[in-house]
Amino acid sequence: MSVKLLAASLTKLSFETSVPVVKDDIEVKNRSGSYKIRVGPGLLAEAGTELAKLKLGKKAAIIADESVAKLYADRLQQSLKAAGFEICLSTLAGGETSKDMSRITPLLSFLARNKVERNDTVLAFGGGVLGDLAGFVAAIYLRGVNLVHLPSTLLAMVDSSVGGKTGVNLPEGKNLAGVFHPPQLVLSDTDTLKTLQRRELTAGLAEVIKYGIIADAELFAQITDGAPADLTPVIMRCVKIKARVVEADEHETTGERALLNFGHTLGHAIERVAGYGKYLHGEAVAVGIHAATLLSQRTLGLPAEDVEAIKKTLVKNGLPLQALGLNITEIKQVLAQDKKVMDGVNRWVLSPKIGKALVTSKVKPADVDAVIEEVLTSKK
Ligand code: GLY
C-alpha cells in the first residue's frame, strides 16, 4: 500500500451538527460482542451495580495507580462491596517508566495469589499507562480474564481505554509488545479529573486536538481558544469518534485505525529518545502533531490557515510545539522502527484539511528532515 486515501471512509465520522453533547452511553462493537462506555460524574459510585449487570465472576481484582488509589479506592471499593463483590487491590506507581515487562510478573502473581478465576474481572483504575499494563495482565492471565477500564485521566478517557489495545514498551520502542484485549465496560468518572495535575490534563488535550484534526472540524473549532471547563461533552465526542474508528478497523489492518496515530510517529520517537517519562505522552504527541501538520502542508497542501490554526490551538491549550536537545540521528533510527513501517518504509498520518486525515508513504525524505529540524531544534 503506497498511498491510501481514507478521507472518504472518514466522512461518515464527521459530525454534521454543532451540538457538542453526546448524551447517551456509547456502545462499541467488536469481534467478540460489544461493550459500553459511560462518561460523566459520580460513576465510581456506580461501578458495583454496573459490574453486577455484566453477570461475571464474583471477584473484582483492582489494579490501580497508587496516587489515584489514595484518593478514590475507598469510593470504588464501597461500591463494589455493596454489590457483593470480593475485592483484592494492587497499586503501582504511574508514569511511562512503569510500562515495562518487569511489572507484569508481579501483577500476574497478585492475581494468582488471590485465586482470580477465568470469569472474574480485572479493574484497571488509573491513567493510560496503568490501563495498558493492567489490560495486558488481564489479557494473558489464564489466557484472558474480564477487563473493566476505570480511566482517571483525560488521556485515558479519550484514547487508551477505548479500543482494546494493551501492552508495554520495549527498550527499542513504545508499545512494541502487547495484545488486543477489549474491555467489558469502560466507566470514565469525570470527577477524577478535578484532582488531576494540570500538566496531565494539558497533555490529554493533545489527543482531543488530534481528534479534531483527523475527524471533526467542529470539535477543533470549539477548542481553538482552549478547552471548556466542563470536559464531559468533549470527552464523549472524542470517544464517539474513536469508537467508530475501532469498530471499522479493530485490529489496525485496513489503515483506518492508524489515523488515530496522527502526531504519534514522531511523538513516540521523542518519548523513546528523551527517555520514557521525560515528556508525558500527550506532550510528545503535541510536538508530533506540529510536525505532522508541517509535513501535511508540504505533502498534501494543508492550507496555511489550517497550519496556523493548529499551532495556535496547541499553544492556547498549553502544549509545546518543539522538543529541544534530542539527538536527531537517534530520532531517525527510532522512526525507522515505528509500528506503521511497511516494507521498510515509514507511513505517515497526514491531514489535507482540518477534519480529515489519510495515511501515506509518499513523503519526500527531504521534507521529513526539514520538519524534524524545525520541531527539534531552536530557531537560529
Ligand atoms: N491510540 C491509538 C489506538 O488506540 O489505536
Side-chain angles (χ1 to χ4, degrees), residues 4 6 9-10 13 26 28-31 35 37 96 99 124 126-136 138-139 147 149 151 153-169 173-183 186 188 200 203-216 219 235 237-272 276 279-289 292 338-342 347-351 357-359:
K4 184 144 188 174
L6 292 158
S9 60
L10 257 190
L13 296 167
I26 296 160
V28 186
K29 294 188 190 66
N30 57 27
R31 291 177 186 199
Y35 58 94
I37 300 175
E96 202 65 41
K99 208 169 128 180
V129 167
L130 190 288
D132 282 9
L133 205 56
F136 188 45
L147 172 66
H149 279 299
T153 65
L154 178 59
L155 190 133
M157 289 179 190
V158 297
D159 184 26
S160 53
S161 63
V162 186
K165 280 188 179 175
T166 74
V168 293
N169 300 325
K174 275 272 290 185
N175 299 333
L176 291 187
V179 290
F180 289 98
H181 189 65
V186 181
S188 294
E200 291 277 354
L205 289 170
E207 297 285 356
V208 175
I209 294 168
K210 172 198 82 178
Y211 285 113
I213 297 169
I214 66 167
D216 190 347
L219 170 65
I235 295 168
R237 199 153 168 148
C238 294
V239 169
K240 209 159 191 206
I241 296 169
K242 179 144 188 193
R244 300 296 86 87
V245 172
V246 299
E247 278 182 351
D249 182 18
E250 189 180 354
H251 286 185
E252 208 165 314
T253 45
T254 67
E256 196 153 339
R257 187 163 181 166
L259 297 176
L260 298 170
N261 268 308
F262 185 82
H264 286 58
T265 307
L266 185 63
H268 283 164
I270 290 170
E271 284 183 86
R272 159 76 183 75
Y276 293 127
Y279 289 92
L280 294 179
H281 176 66
E283 293 167 345
V285 164
V287 179
I289 287 175
D338 182 73
K339 282 201 298 325
K340 292 182 296 308
V341 167
M342 208 179 265
R347 292 182 304 144
W348 292 86
V349 185
L350 300 181
S351 170
L358 55 87
V359 180

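In each ligand, atom 1 is the first atom listed, and ligand 1 is the first ligand listed.
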> What residue and heavy atom of the protein are closest to atom 4 (O) of ligand 1, and at what distance?
Lys242 NZ, 2.5 Å

> Would you check if Arg257 and His251 make a side-chain contact, meaning some heavy-atom pair closer than 4.5 Å?
no

> Under a 4.0 Å threshold between the charged nitrogen and the carboxylate oxygen, would Lys174 count as salt-bridged to Glu96?
yes

> If you measure every N/O of Lys165 against every N/O of ligand 1, is any gap under 3.5 Å?
yes

> Within the 4.5 Å heavy-atom criterion, are Lys210 and Asp159 side-chain neighbours or not?
yes

> Check this for me: does any side-chain nitrogen of one of Asp132 and Lys99 sit under 4.0 Å from a carboxylate oxygen of the other?
yes

> Should Glu207 be listed as contacting ligand 1, given a heavy-atom distance under 4.0 Å as the test?
no

> Using only heavy-atom distances, determine whether the side chains of His264 and Glu207 contain a donor-acceptor pair under 3.5 Å.
yes

> Examine Lys210 against ligand 1 and note whether any of their N/O atoms are separated by less than 3.5 Å.
no

> Pick one of side chain, backbone, both or neither for how Val246 approaches ligand 1, counting any non-hydrogen atom pair under 4.0 Å.
neither

